[in-house]
Amino acid sequence: FLLLVLGSSVALRSKVDQHHKVSHVDSNKYSIAAEKKFLLYDVNFGEGFNLRRDVYMRVANTVRLLRESGENWILVLPPWGRLHHWQRMQVALSWRLFFDLESLNRFIPVMEFEDFLDENRPIDQVIYLQHYEEGWGTEYVRKFDERRCLPPADSHYRKENDSKWRGWFYSYEDVQASNFKCVSIQGDSGTLKDLLTHSNFSSMTSVMVDRAETILHENFGDVNYWKARRSMRYSKDLVEAANVFRDKYLDSDDENDDTEMVADWRKERAKRTAKGGPYLGIHWRRRDFLYARHDQLPSIKGTAEILEKLCEKLKLNRIYLATDAPEEEVNELKSYFGKELQVFRFTDTQKYNDGQIAIIDQVLSLRPCCTLHRSYESTFTFRIQEDREILGFPISSTFNRLCPDNIPDCEQPPKWKIVY
Ligand code: GFB
């Protein structure tokens, strides 16, 4: 399936957002004398939007470490697209459609891939990360070694007659790289920094690291994890769309909910007083999650029973439902509710692409008062919980989970609290 997608969907360079063609690197702020270096990366095709956001945080911290060591690295943002969860297959979508680039730039300098191409910069080196063929051994040691390419690396890039390497490159068919190597690695953002400064690669000006999800966070949940996370503010357009919806249907706004944010995330301070709006928020993950986590999820009827009980207990009659469920499952869920319960969803697929709807869903389901109940181990859910930590909600209203029918008092999710 992977090969089929790789082979079939190479698209011409996108014209998305051509009118916004400005570099987002604040050259005044990042005017270190050292030569500029560019880090590009990509992630395994099968990973979803929110896992990819997690990988961004790992790579952003690599760039932070490189810059702290005096090197002038800039992160080139990998265009979004070809996500197998998206119902509409789109490619080459820029980050500004989803995130606030000014905010990202306050953590490390970033630029869109289109802007990188506009500067006519070549890609000197692709490094394809892979695990060690022999496994981890008896203990986990941070290390990397240049190794022969293991499947599927050997089929993802090919050397053409002109000696250049071609691959997926986010669907841009005129992009190529001068060199290609496979590296077995086990480690984290710091290990990747060591790899990029290793003598084999240190002379390269622009390096693309493929399969970047292979590296982990250096210190999961520490202050730099949260800085990278807090810098990932959503695009103002999407937040505004969610705010209009909140106001119209959910009787919710930032002033009353105590969820106002300072313009610059670096000025945020710890708080636990956010109230949220008078509705219940649920992230109800379905589709492929049913195969992956079948035993951990409630049935449709079971979900309805949990929600009804909770609304009764909290004296709420509105639910915001964020879900990837097919329409017939949503209708079945709604059919179990009495007339007094109203279920709201944001579904403007004309105006917004699938990833944008997912973000609007996240904004709406992170701002209710007494949120619930997230789908077990979904990274979509994790991102909502993190956003509630950033907004300053009490812990008890955030880290909850939908239990399966036969285990009503199931284990609740770990409480990854924000650190400043
Ligand atoms: O975001 P994500 O990595 O979370 O992948 P998981 C799930 C994708 O499904 C999202 C869609 O990026 C959306 O495209 N989706 C899920 C939703 N829930 C919603 C929702 O409430 N609203 C909207 N609009 N869209 C993992 C994947 O997904 O699940 C793995 O990363 C694998 O690749 C595994 O598929 C089973 O962590 O939930």
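Just follow the structure's listing: the first ligand is 1, and inside any ligand the first atom is 1. Atoms considered below: every heavy atom in the structure, side chains included; atoms not considered: hydrogens, waters and symmetry mates.
Asn243 meets the side chain to side chain donor-acceptor pair (under 3.5 Å) test with Arg246; sequence neighbours excluded. Remark: Cys311 pairs with no residue by the disulfide (SG to SG under 2.5 Å) rule, at least two apart or across chains.
Protein residues are said to neighbour a ligand when one of their heavy atoms lies under 4.0 Å from it; for ligand 1 these are Gly46, Glu47, Gly48, Phe49, Asn50, Leu51, His85, Trp86, His283, Arg285, Asp288, Phe289, Ala292, Ala322, Thr323, Asp324, Ile357, Ala358, Asp361, Ser378, Thr379, Phe380.
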List the atom pairs, donor and acceptor, that lie under 3.5 Å between side-chain atoms in residues 47-61 and the rest of the protein, sequence neighbours left out.
unit_1: Asn50; atom_1: OD1; unit_2: Arg53; atom_2: NH1; d: 3.1
unit_1: Asn50; atom_1: OD1; unit_2: Gln362; atom_2: NE2; d: 3.1
unit_1: Arg52; atom_1: NE; unit_2: Glu47; atom_2: O; d: 2.8
unit_1: Arg52; atom_1: NH2; unit_2: Asn44; atom_2: O; d: 2.9
unit_1: Arg52; atom_1: NH2; unit_2: Phe45; atom_2: O; d: 3.2
unit_1: Arg52; atom_1: NH2; unit_2: Glu47; atom_2: O; d: 3.4
unit_1: Arg53; atom_1: NH1; unit_2: Tyr234; atom_2: OH; d: 3.4
unit_1: Arg53; atom_1: NH1; unit_2: Gln362; atom_2: OE1; d: 3.1
unit_1: Arg53; atom_1: NH2; unit_2: Tyr234; atom_2: OH; d: 3.0
unit_1: Asp54; atom_1: OD1; unit_2: His217; atom_2: NE2; d: 3.1
unit_1: Asp54; atom_1: OD1; unit_2: Arg383; atom_2: NH2; d: 3.4
unit_1: Asp54; atom_1: OD2; unit_2: Arg58; atom_2: NE; d: 2.9
unit_1: Asp54; atom_1: OD2; unit_2: Arg58; atom_2: NH2; d: 2.7
unit_1: Asp54; atom_1: OD2; unit_2: His217; atom_2: NE2; d: 3.0
unit_1: Arg58; atom_1: NH1; unit_2: Glu213; atom_2: O; d: 3.1
unit_1: Arg58; atom_1: NH1; unit_2: Ile215; atom_2: O; d: 2.7
unit_1: Asn61; atom_1: OD1; unit_2: Arg64; atom_2: NE; d: 2.6
unit_1: Asn61; atom_1: OD1; unit_2: Arg64; atom_2: NH2; d: 3.3
unit_1: Asn61; atom_1: ND2; unit_2: Met57; atom_2: O; d: 3.3
unit_1: Asn61; atom_1: ND2; unit_2: Asn224; atom_2: O; d: 3.3

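Put simply, the side chain of Tyr320 does not reach to within 4.5 Å of the side chain of Val343, judged on heavy atoms.
Ring centroids of Trp95 and Phe113 are separated by 6.0 Å or more, keeping the two rings apart.
Ring-plane geometry between Tyr249 and Phe344 is classed as tilted, the angle between the planes lying from 30 to 60 degrees on a 0 to 90 degree scale.
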